Protein chains: 2
Amino acid sequence: MPDTDRLMTIREMCDTYEVTPRTLRFYEAKELLSPNREGQKRLFTRRDRARLKLILRGKRFGFSLEEIRQLLELYHVGDQQQTQLARTLAIAKERLADMERQRNEFNEAINDLGEQIDWVTQTLASTAVSKDAAE
Amino acid sequence: MPDTDRLMTIREMCDTYEVTPRTLRFYEAKELLSPNREGQKRLFTRRDRARLKLILRGKRFGFSLEEIRQLLELYHVGDQQQTQLARTLAIAKERLADMERQRNEFNEAINDLGEQIDWVTQTLASTAVSKDAAE
DNA sequence: CGTATTCCTTACGTTAACGTCAACTCCCTC
DNA sequence: GAGGGAGTTGACGTTAACGTAAGGAATACG
C-alpha cells in the first residue's frame, strides 16, 4: 500500500497541517471534508488531505469557506451531472477572472507601497543628516 | 478653492465610495478617519478621502483594519518621531514581503485553476460527444 | 407651525470561523 | 480496575466588521 493512501488520525492531520482538531471537525460539519470512520474515530484519506491543502490555500487568498466549497467541486468531478458541472465551471471561470483582476490591483499596491517605502527611507535619511548638521 | 479641497457630507461620501454611514462612523471610531465637525455633523476632508481609498483597497487584499491602520501611518509622516517612523517602516517592509510572497502563491493558484478549467472543459466536451454517439 | 430630511448617538444583533470547556467513550497498561 | 491518552459530541464564548433599530437634534420646506 503506497504511503499516499495511508489513513491519518486527527492528530496526525493537525501536526502535518498545523490546524486544530476543532478546525477539522468544523470543516467536516461544513462538508468540506468527509473522513472515514473507524468506530467513532475519524480517519482522513488522501482525498481529505488534498482537499485540506486547497482549503488552506484558498484561505490565504481570502476566500470564504463557502467559496472554497464551490471551488472544491471542480476537483471532484466524476459523479456529477452535466448541467451542474457546467454551472460549477462557470463559477470557476468567474472566480478566475476575479483573481486576475485582484492580481493586477495587487501589483499596483505592491508598487505603491514600494515607492512609499523608498520615499520614507529617503526622508528619514535626509532629516537625519540635517539633524546632524544642526547639532 | 480647488475642488479637491471640498468638504463632503457623509451622504456624499457614501455615494462616492459605496459605503454606508455606519461604515464611515465605524472607521472614525477605529481612528482610521478623522472628519471635521460642523456642529455635530461630520465633514470629510480630502485627507479622509485619500485614506478611505487606501482602506478600501487594503480590504480587497484581505488586510484587517488594524493592519491597514498601521499602513496608513506611512502616508501620514510629518509630525512623527524618527524611532516611531523607523518602526512603521519596518512593518511596511515586512508587509511588502508578505504581499510579494502572496502574489507568487496567487499566480500559482491562478495557473492551477486555469489548467483545471481547461481540463474540465475538455472532459465536458468529450463526454458530450460520446453521449451524442450513444444516442 | 408641522413635517420631512439628514444627521447624530447609543446599543443590541449578526455572521464567519473557529476557541474553549464539560462530559463521555474507547483502548491501553500498570 | 484505576488511571491515562486520544478521540468524540454538544454547547456556549469570542473577535472582526459592520447591520439595524430606537430615539433625538438641526435644518429646510410649504
Side-chain angles (χ1 to χ4, degrees), chain A residues 6-45 48-49 51-73 91 95 98 102 109, chain B residues 6-45 48-49 51-73 91 95 98 102 109:
Chain A
R6 258 193 59 229
L7 297 177
M8 290 174 61
T9 72
I10 202 169
R11 183 105 310 270
E12 288 173 315
M13 289 291 283
C14 293
D15 293 348
T16 306
Y17 300 102
E18 301 189 66
V19 295
T20 69
R22 178 66 175 106
T23 299
L24 294 177
R25 298 193 193 105
F26 183 73
Y27 290 166
E28 183 180 356
K30 292 272 167 173
E31 299 185 70
L32 294 171
L33 300 178
S34 45
N36 293 344
R37 293 297 176 116
E38 176 185 275
Q40 60 171 2
K41 290 187 181 175
R42 277 164 249 260
L43 289 178
F44 294 84
T45 69
D48 291 313
R49 292 194 288 279
R51 291 172 71 94
L52 180 55
K53 281 184 216 167
L54 287 169
I55 294 170
L56 296 178
R57 188 164 75 180
K59 289 201 54 182
R60 288 199 295 278
F61 303 144
F63 291 139
S64 73
L65 291 184
E66 180 51 30
E67 290 172 315
I68 291 171
R69 214 180 52 72
Q70 308 232 354
L71 284 178
L72 278 174
E73 290 183 23
I91 292 175
R95 188 71 52 221
D98 276 358
Q102 197 176 344
Chain B
R6 257 193 58 231
L7 296 178
M8 290 174 61
T9 72
I10 201 167
R11 183 106 308 272
E12 288 173 315
M13 289 292 282
C14 293
D15 293 347
T16 305
Y17 299 101
E18 301 188 68
V19 294
T20 69
R22 177 67 174 106
T23 299
L24 294 177
R25 297 193 195 106
F26 183 74
Y27 290 166
E28 182 181 359
K30 292 271 165 171
E31 300 185 69
L32 294 170
L33 300 178
S34 45
N36 293 344
R37 294 295 177 117
E38 176 185 280
Q40 60 171 4
K41 291 189 180 175
R42 278 164 248 263
L43 290 178
F44 294 86
T45 68
D48 291 313
R49 292 193 288 277
R51 292 173 69 96
L52 180 56
K53 281 185 217 169
L54 287 170
I55 294 171
L56 297 178
R57 188 164 74 179
K59 288 203 55 182
R60 287 199 295 278
F61 303 144
F63 290 138
S64 72
L65 291 183
E66 180 50 32
E67 290 173 315
I68 292 171
R69 213 180 51 73
Q70 308 232 354
L71 284 177
L72 278 174
E73 290 185 25
I91 293 175
R95 188 71 52 220
D98 276 357
Q102 197 177 343

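Naming: A, B, ... by sequence-line order, numbering from 1 per chain. Computation of the quantities below employed the complete heavy-atom set of this structure, encompassing side-chain atoms and omitting hydrogens, waters and symmetry-equivalent molecules. No experiment lies behind these values; they were computed from the predicted model shown.
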K.L.:
Return whichever of A:Gln40 or B:Ile10 has its heavy-atom-nearest nucleotide of DNA chain C closer to the 5' end.
P.N.:
B:Ile10

K.L.:
Can you check the A:Phe44 CZ to D:dA6 C1' distance for me, whole Å?
P.N.:
13 Å

K.L.:
Under the rule for side-chain hydrogen bond (donor to acceptor under 3.5 Å, both in side chains), what residues qualify as partners of B:Asp15, not counting sequence neighbours?
P.N.:
B:Arg11

K.L.:
Less than 4.5 Å apart, any side-chain heavy atom of B:Leu71 and any of B:Leu54?
P.N.:
no

K.L.:
Under a 4.0 Å N-O cut-off, is there an ion pair linking B:Arg69 with B:Glu66?
P.N.:
yes

K.L.:
For the pair made of CZ in B:Arg25 and C1' in D:dA21, what is the distance, rounded to whole Å?
P.N.:
13 Å

K.L.:
Please report the distance, rounded to the nearest Å, between CD in B:Glu12 and P in C:dT6.
P.N.:
12 Å

K.L.:
B:Met13 has an atom CE; how far is it from atom P of C:dT6, in whole Å?
P.N.:
18 Å

K.L.:
Compare all side-chain heavy atoms of B:Lys41 with those of B:Thr9 and state whether any distance is below 4.5 angstrom.
P.N.:
no

K.L.:
What are the two closest non-hydrogen atoms of B:Thr16 and B:Met8, and how far apart are they?
P.N.:
OG1-CE, 3.3 Å

K.L.:
OH of B:Tyr17 versus C1' of D:dC18: gap in Å, rounded?
P.N.:
20 Å

K.L.:
Taking the side chain as everything from C-beta on, heavy atoms only, tell me whether A:Arg51 gets closer than 4.5 Å to A:Leu33.
P.N.:
yes

K.L.:
Can you find a pair of side-chain heavy atoms, one from A:Arg49 and one from A:Tyr17, that are under 4.5 Å apart?
P.N.:
yes

K.L.:
Can you tell me the distance, in whole Å, between the CD atom of A:Glu38 and the C1' atom of D:dG7?
P.N.:
11 Å

K.L.:
Identify all pairs in which a protein N or O lies below 3.5 Å from an N or O of nucleotides 14-19 of chain C, and state each distance.
P.N.:
unit_1, atom_1, unit_2, atom_2, d
C:dA17, OP1, A:Leu65, N, 3.1
C:dC18, OP1, A:Lys59, NZ, 3.1
C:dC18, OP2, A:Tyr27, OH, 2.7
C:dC18, OP2, A:Lys59, NZ, 2.8
C:dG19, OP2, A:Thr20, OG1, 2.6
C:dG19, N7, A:Arg22, NE, 3.1
C:dG19, O6, A:Arg22, NH2, 3.1

K.L.:
Give the rounded distance in Å between these two atoms: CZ of A:Arg37 and C1' of C:dC26.
P.N.:
14 Å

K.L.:
Between B:Arg11 and C:dC8, is there a contact of a side-chain N or O with OP1 or OP2 at under 4.0 Å?
P.N.:
no

K.L.:
Would you say B:Arg42 reaches C:dC7's phosphate, i.e. side-chain N/O to OP1/OP2 under 4.0 Å?
P.N.:
no

K.L.:
To the nearest Å, how far apart are A:Leu43 CG and D:dA6 C1'?
P.N.:
12 Å

K.L.:
Please determine if a side-chain N or O atom of A:Thr9 lies less than 4.0 Å away from the OP1 or OP2 oxygen of D:dA6.
P.N.:
no

